[in-house]
Amino acid sequence: MVSPQQIENLQNSFERAVRLGGSPGAVSTSPTQSFMNTLPRRVSMSKQSKALKPFSTGDIKILLLENVNETAINMFKDQGYQVQIYKSSLPEEELIQMIQDVHAIGIRSKTKLTEKVLKHAKNLVAIGCFCIGTNQVDLDYAAKIGVAVFNSPFSNSRSVAELIMAEVVSLARQLGDRSIELHTGTWNKVSARCWEVRGKTLGIIGYGHIGAQLSVLAEAFGMHVLYYDIVTIMALGTAKQVSTLDELLNKADFVTCHVPATPDTKNLLSAPQFAAMKDGSYVLNASRGTVIDIPALVQAIKVGKIAGAALDVYPNEPAKNGAGAYNDELNSWTSELVSLPNVILTPHIGGSTEEAQSAIGIEVGNALSKYINEGTSVGSVNFPEVSLRSLDLDQENTVRVLYIHHNVPGVLKTVTNILSNHNIEKQFSDSTGDIAYLMADISNVNQSDIKDIYDQLHDTEYKISIRLLY
Ligand SMILES: NC(=O)c1ccc[n+]([C@@H]2O[C@H](COP(=O)([O-])OP(=O)(O)OC[C@H]3O[C@@H](n4cnc5c(N)ncnc54)[C@H](O)[C@@H]3O)[C@@H](O)[C@H]2O)c1
Ligand SMILES: O=C(O)CC[C@@H](O)C(=O)O
């Protein structure tokens, strides 16, 4: 039960935050309604935590592109952030304009956050990829300018695995072709080269979140599962890891790709790999468009080596939905591909289910909010993962220092010197490559000290960016 006194204490702490407003890098505000709604949960903890809610959240600008789910939109709006929403991605020039003054940007797989684009982001602290893949972001450059990138590593894995299973059955039964024929009035009741999947072998390239999930579903269909991965991974069920890609290609009836887009996976399946596959086998790709050499696949289908394919991803994909968007201008081989029999083409919908999108919205929305409000970088894909336990409610005049810097000797000594007039209650520092991130809670800080601390940290040689939260 929350006592009136407890609530009053909490409100007082926010009023104090409002009074501290105007310090560099952070201004304060009263708590938002959503935050107040969580009061009973927060204050019933045995040791009362002071949730940092340091900014004037009304000043935080978030740009959301590519139809990011409403779970995230609502979360940001509830916190009082200014949220700008677009259903599609933006052309580069427009993106450069829009990114200039936002504090966070949320994207999916289409928006390319290149060095050229990120150079124009003056206030950006975080990027949320509302998906699994992060190859659309220049992660190293983002880290170099102190921008943390978050994603949702497995919220849509099941959706992709289910789609692949559906496609395995559909390819085996030539379902796409039968459906198109009937839509145009042709009755074509055939069984030639239509198969059950029971007893057939599924070859999974990349046995991560999706590959492993798929393995379980395939075995439930009575399939044998082989997988190839660059690391040794424990098999689920009776699946077997093979030691070479060729072994998998030689033995599988269906080959499906679930690897990230990396230089090593570019054209992982090309003419030699199709040649190594069994006659009449099938190819599926719901990973990234660069993983399969599509012109080589077209050839392998034309000569009858490959009996069908299901593709969800392409080297170039349209920026938005619409008729005529998928054409030869986008990828020169489009007309040839669409004219082939038993080829299922989907518009990058592997992770597009209500369940997945809603879960991704919550996960990435939470990660961005925690990073903006508290500096917690846990889950970041390009940044040291740093977190400190919350401040206690009764910790007056405590400031959280977030200091991102180049990972060179002597920096911590300099920073500790600057903070040494105050009590460093706790601190945590970690580094990844050249980027290091220090989080420290310092107490006994008067309002008048804050600007001074900020200025001194700002003048340090190896700083990348600083935020002070209170
Ligand atoms: N179509 C969609 O809508 C959709 C949805 C989600 C994910 N994806 C894509 O699927 C990819 C895989 O997703 P995941 O969640 O399973 O990723 P994951 O990171 O959990 O698993 C990837 C696996 O691939 C392995 N791997 C990496 N390079 C390899 C190589 N050269 N050869 C063999 N194995 C290699 C890794 O060791 C890892 O086990 C993502 O990177 C993303 O690009 C697409
Ligand atoms: O939703 C998207 O745009 C991307 C889905 C998928 O490719 C992912 O990486 O999670």
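Given the structure is predicted, the values throughout are model-derived calculations rather than measurements.
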Reported [atom1]-to-[atom2] distance for the pair [X] and [Y], which is rounded to 0.5 angstrom:
{"X": "Leu457", "Y": "Lys463", "atom1": "CG", "atom2": "NZ", "value": "9.5 Å"}
{"X": "Ile360", "Y": "Ser358", "atom1": "CD1", "atom2": "OG", "value": "9.5 Å"}
{"X": "Ile204", "Y": "Tyr227", "atom1": "CD1", "atom2": "OH", "value": "9.5 Å"}

We want to know whether [X] and [Y] form a side-chain donor-acceptor pair, criterion being a heavy-atom distance below 3.5 angstrom.
{"X": "Asn188", "Y": "Glu181", "result": "yes"}
{"X": "Thr134", "Y": "Asn151", "result": "no"}
{"X": "Ser89", "Y": "Thr111", "result": "no"}
{"X": "Asp434", "Y": "His406", "result": "yes"}
{"X": "Ser215", "Y": "Tyr207", "result": "yes"}
{"X": "Asp246", "Y": "Thr244", "result": "no"}
{"X": "Ser152", "Y": "Ser155", "result": "yes"}
{"X": "His258", "Y": "Thr256", "result": "yes"}
{"X": "Arg108", "Y": "Asn67", "result": "no"}
{"X": "Tyr371", "Y": "Ser380", "result": "no"}
{"X": "Ser369", "Y": "Gln79", "result": "yes"}

Between the side chain of [X] and the main-chain N/O of [Y], is any donor-acceptor distance below 3.5 Å?
{"X": "Glu66", "Y": "Ser109", "result": "yes"}
{"X": "Asn382", "Y": "Val147", "result": "yes"}
{"X": "Gln299", "Y": "Ala271", "result": "no"}
{"X": "Asn267", "Y": "Leu269", "result": "no"}
{"X": "Asp138", "Y": "Tyr141", "result": "yes"}
{"X": "Asp312", "Y": "Gly350", "result": "yes"}
{"X": "Gln241", "Y": "Val231", "result": "yes"}
{"X": "Asn342", "Y": "Asp177", "result": "no"}
{"X": "Thr265", "Y": "Leu268", "result": "no"}
{"X": "Thr432", "Y": "Ile435", "result": "no"}

Note: [X]-[Y] ion pair, threshold 4.0 Å (strictly below):
{"X": "Lys278", "Y": "Asp253", "answer": "yes"}
{"X": "Lys116", "Y": "Glu92", "answer": "yes"}
{"X": "Lys122", "Y": "Asp101", "answer": "no"}

In terms of the angle between their ring planes, are [X] and [Y] parallel, tilted or perpendicular, with boundaries placed at 30° and 60°?
{"X": "Phe130", "Y": "Phe76", "value": "perpendicular"}
{"X": "His209", "Y": "Phe154", "value": "tilted"}
{"X": "Trp333", "Y": "Tyr314", "value": "tilted"}

Do other residues, nucleotides or ligands put more than 12 heavy atoms under 6.0 Å from His120 NE2? yes
Is the number of heavy atoms from other residues, nucleotides or ligands within 6.0 Å of NZ (Lys240) greater than 12? no
Derivation and outcome, side chain to side chain donor-acceptor pair (under 3.5 Å), residues Thr238 and Glu219: CA-CA 8 Å; Thr238 58; Glu219 287 202 339; 2.8 Å; yes
State whether Phe428 and Arg389 meet the cation-pi test: NZ (Lys) or CZ (Arg) under 6.0 Å from the six-membered ring centroid, and within 45° of the perpendicular axis.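 Not flagged: Arg389 not positioned over aromatic ring of Phe428.
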